[in-house]
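Beneath this line is the structure, given in structure tokens, with notes to follow.
As a basis for the values below, the full set of heavy atoms in this structure was taken, side chains included, without hydrogen atoms, waters or symmetry mates.
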Amino acid sequence: MFGELLQELRKDRGLTQVQLAEVLHLSPLTISSYECGRTMPDDATKIAIAQFFDVSLDYLMGLVREPSLCHAPPPPLNLPADFTPEELAQVQEYIDFISYRKKQKK
């Protein structure tokens, strides 16, 4: 199951085994072994694979059928319904300011 899912994810991204191996710092033979079901990755490698493909470990291990994202978008802001357009603009300005400050720290 794991090997089939890994192969499917890899092909969906248009990657060869060699390319995926480079990204994960593994050998192409290791990727081939995973996909053929000869070996299973250790937990750290499973996590790296799930993060790279942005899927849950449950999906990667075949426990669920639908791939849920590892990095789901943050929930939307729940602003009061009675905010005026000016107040909404102020909220957006503050969000932009925080984003700017974050970029400056990097």
Side-chain angles (χ1 to χ4, degrees):
M1 176 67 76
F2 173 84
E4 294 169 5
L5 289 171
L6 178 60
Q7 184 178 46
E8 182 181 317
L9 289 167
R10 177 180 60 78
K11 288 183 175 182
D12 286 349
R13 284 272 181 103
L15 297 171
T16 64
Q17 289 180 343
V18 172
Q19 291 168 322
L20 180 58
E22 288 174 3
V23 169
L24 298 173
H25 306 289
L26 300 169
S27 75
L29 182 60
T30 300
I31 299 296
S32 175
S33 293
Y34 294 163
E35 289 185 2
C36 292
R38 286 190 299 268
T39 60
M40 283 291 287
D42 60 23
D43 289 347
T45 303
K46 288 175 195 166
I47 291 169
I49 292 169
Q51 288 175 334
F52 176 74
F53 288 111
D54 197 23
V55 296
S56 70
L57 283 171
D58 286 343
Y59 175 76
L60 194 59
M61 299 307 298
L63 299 174
V64 296
R65 292 179 185 253
E66 292 298 317
S68 57
L69 302 178
C70 279
H71 303 95
L77 292 174
N78 291 322
L79 300 174
D82 64 345
F83 265 29
T84 66
E86 293 79 23
E87 291 168 329
L88 292 174
Q90 288 176 336
V91 170
Q92 185 60 54
E93 283 178 29
Y94 187 65
I95 291 170
D96 293 343
F97 169 72
I98 292 171
S99 295
Y100 171 79
R101 230 178 35 191
K102 214 172 166 180
K103 288 178 188 174
Q104 294 304 311
K105 288 183 182 179
K106 291 181 182 179

Worksheet item: Is there a side-chain contact between Leu5 and Phe53 (heavy atoms, below 4.5 Å)?
Response: no
Practice prompt. Could I get the full list of side-chain contact (heavy atoms from CB on, under 4.5 Å) partners for Thr45, not counting sequence neighbours?
Written response: Leu26, Tyr34, Pro41, Asp42, Ile49
Item to complete: Just jot down the salt bridge (Lys or Arg N to Asp or Glu O under 4.0 Å) partners of Asp96, sequence neighbours excluded, or say none.
Response: none
Worksheet item: Can you list the other members of the hydrophobic cluster that holds Ile98, where links are side-chain heavy atoms under 4.5 angstrom apart?
Response: Tyr94, Phe97
Worksheet item: Do Leu20 and Phe52 have side-chain heavy atoms sitting under 4.5 Å apart?
Response: yes
Discussion item. Please enumerate all residues that pass side-chain contact (heavy atoms from CB on, under 4.5 Å) together with Gln17, with sequence neighbours excluded.
Written reply: Arg10, Ile31, Ser32, Glu35
Worksheet entry | Atom pair CD (Glu4) and SG (Cys36), whose distance is rounded to the nearest 0.5 Å | 10.5 Å
Worksheet item: Given Leu9 and Leu60, is the side-chain contact (heavy atoms from CB on, under 4.5 Å) satisfied, shown in steps?
Response: CA-CA 9 Å; Leu9 289 167; Leu60 194 59; 3.8 Å; yes
Discussion item. When you group the ILVMFWY residues by side-chain heavy-atom contacts below 4.5 Å and let the links chain together, are Leu29 and Val23 in the same group?
Written reply: no
Fill in: Residues in side-chain hydrogen bond (donor to acceptor under 3.5 Å, both in side chains) contact with Ser27, at least two apart in sequence or another chain
Thr30
Worksheet item: Linking I/L/V/M/F/W/Y whenever any side-chain heavy atoms sit under 4.5 Å apart, do Tyr100 and Val91 land together?
Response: no
Worksheet item: Residues in side-chain hydrogen bond (donor to acceptor under 3.5 Å, both in side chains) with Gln104, at least two apart?
Response: none
Discussion item. Side chains of Asp12 and Glu8, heavy atoms from C-beta outward: is any pair under 4.5 Å?
Written reply: yes
Fill in: Residues forming a side-chain contact (heavy atoms from CB on, under 4.5 Å) with Met40, sequence neighbours excluded
Phe2, Lys46, Met61
Fill in: Residues forming a side-chain contact (heavy atoms from CB on, under 4.5 Å) with Glu22, sequence neighbours excluded
Val18
Discussion item. How about CD on Gln19, more than 12 heavy atoms from neighbouring residues, nucleotides or ligands closer than 6.0 Å, or not?
Written reply: yes
Discussion item. Listing request: all salt bridge (Lys or Arg N to Asp or Glu O under 4.0 Å) pairs with a residue in residues 77-87, at least two apart in sequence or in separate chains.
Written reply: none
